[in-house]
Amino acid sequence: MAVIPVAIAGRPYEVRVAPGLLTRVAEECGERLRKVRVPIITDANVHAAWGGKVEASLSAAGKQAVWRILPPGEQTKGWQELAATVDWLLAEEVDRGDHILALGGGVIGDLTGFAAAILKRGCKFIQLPTTLLAQVDSSVGGKTAINTAAGKNLVGAFHQPSLVLADPEALDTLPRREVAAGYAEVVKYGLLGDAGFFAWCEAHGAELLTGDPAAREFAIARSVEAKARIVAEDEHETTGVRALLNLGHTFGHALEAQTGFSDRLLHGEGVALGMVLAARYSVRRGLMEASDATRIAAHFAQAGMPHEVSALGLNCDGGTLVAHMLHDKKMDAGTLPFLLMRGIGQAFLAKDVVLDDVAAFLDEELSG
Ligand code: NAD
Ligand code: GLY
């Protein structure tokens with residue numbers, strides 16, 4: 001088992017990565033589960049696939065799983081389900097020292113974490129991430145949020161979990177497209193600061209995508225190590241270090257917005273395309289070798305993931321995509337910082353990007 005410490009001052013915790021963790025949730029959580037009744041928030045897909053195993057582990061330890069099973073999908077991450085979930089937790093008499101379990105992908109983790117942050121001014125929670133995206137990114141680092149009419153993730157809190165149990169076997173039931181979308185976030189760690197890991201992805205990414213357990217465990221642990229280092233250095237994204245985790249997200253967010261945050265383009269697919277665009281824009285600015293940008297696009301192509309914006313068939317121009325970017329929460333005092341690259345593994349935050357130039361670049365990308 002890989003055990004990765006997340007060294008947040010005053011609130012350190014562990015991310016454990018190993019096959020079979022979901023079948024031994026009770027023993028991994030140990031004394032954190034103080035009461036017989038254990039509140040678990042999940043969605044219907046995850047409950048169908050993994051609820052029985054988690055429940056069996058708790059029963060064997062003399063605990064009773066008490067489920068809140070939400071509809072799958074991004075729309076669950078809103079005011080309505082948040083309010084209903086908090087009311088449910090209050091009815092369950094969850095106290096500040098109790099732990100709530102979040103079993104699911106980023107939607108369930110973000111919603112449960114935010115509910116835990118505001119319930120009785122903050123109670124504890126444990127992340128049991130079941131998507132690759134959640135295992136390598138959203139379950140670690142304490143960002144919790146819901147979406148509102150004004151946009152995604154605009155209301156939330158920094159609230160760290162007490163423990164994260166990432167079981168690569170959970171991915172065995174995850175649809176292939178969702179695995180690939182999460183893989184974009186794995187590749188992100190290579191591109192932002194670890195050229196050796198990107199080279200590993202080029203050599204072994206296909207094994208991960210087709211289900212090789214060793215490749216999955218290695219990639220999850222290596223990604224979590226990177227995220228843990230960054231989060232420990234800049235928990236609240238104030239120094240610019242944590243902002244590196246948003247590589248590809250500004251371009252990707254614009255593409256997601258233009259496709260209506262729908263199944264047409266999953267978040268991770270938008271991030272993959274966003275990283276290709278960030279690389280190509282870095283080449284345009286004379287920062288990065290064209291061959292590096294070609295390598296990145298070729299890797300996503302090989303992984304069967306979207307890698308050309310022109311292939312999306314978007315009926316818009318570059319200015320429209322830039323307008324979407326301006327609605328993103330990553331705006332800072334009226335300027336839009338961009339994550340660019342000086343090479344593979346060398347991302348940095350550029351604050352001097354001219355939006356008209358980005359729009360012109362996107363016009364070229366959209367026309368192929
Ligand atoms: P998700 O939670 O919607 O899960 C994707 C789909 O897979 C859902 O239909 C779900 O029911 C299903 N599923 C999950 N695990 C499964 C399993 N093991 N077997 C079968 N089906 C399974 O999506 P996601 O990609 O995990 O998360 C996306 C969310 O994460 C977004 O809301 C995004 O804003 C958020 N996010 C948060 C952070 C953060 O730092 N907090 C970082 C990145 C993304
Ligand atoms: N996914 C971005 C962050 O955790 O900061």
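Counting starts at 1 for both ligands and their atoms, in listed order.
Atom 5 (O) of ligand 2 has as its closest protein heavy atom R242 NE, 2.7 Å. Residue, atom and distance of the protein heavy atom nearest to atom 4 (O) of ligand 2 are K227 NZ, 2.5 Å.
Within the listing of ligand 2, atoms 2 (C), 3 (C), 4 (O), 5 (O) sit less than 4.0 angstrom from a heavy atom of K143. Heavy-atom proximity to D137, at under 4.0 Å, picks out these atoms of ligand 2: 1 (N), 4 (O).
Relative ring orientation between W200 and F218 is described as tilted, the plane-to-plane angle lying within the 30° to 60° band. The aromatic rings of Y281 and F338 are tilted relative to each other, their planes meeting at an angle between 30° and 60°.
When K120, R34, K124 are each tested for a side-chain hydrogen bond (donor to acceptor under 3.5 Å, both in side chains) with D95, only one passes: K120.
The cationic group of R222 does not satisfy the cation-pi geometry with Y189, failing either the under 6.0 Å distance to the six-membered ring centre or the 45° limit from the ring axis.
Using a 3.5 Å distance cut-off with no hydrogens or angles, the side chains of T42 and W67 do not pair a donor with an acceptor. Looking only at atom types and distance, the side chain of D363 has no donor-acceptor partner in the side chain of S367 under 3.5 Å away.
In this structure, I118 and F114 have side chains that are in contact, with non-hydrogen atoms separated by less than 4.5 Å.
Sorted by chain and number, the heavy-atom contacts of ligand 1 below 4.0 Å come from D43, N45, V46, W50, P72, E74, K77, G105, G106, V107, D110, T130, T131, L133, D137, S138, K143, K152, N153, A170, T173, L174, E178, K227.
H253 contributes atom NE2, which lies 4.0 Å from atom CZ of F261 (distance to the nearest 0.5 angstrom).
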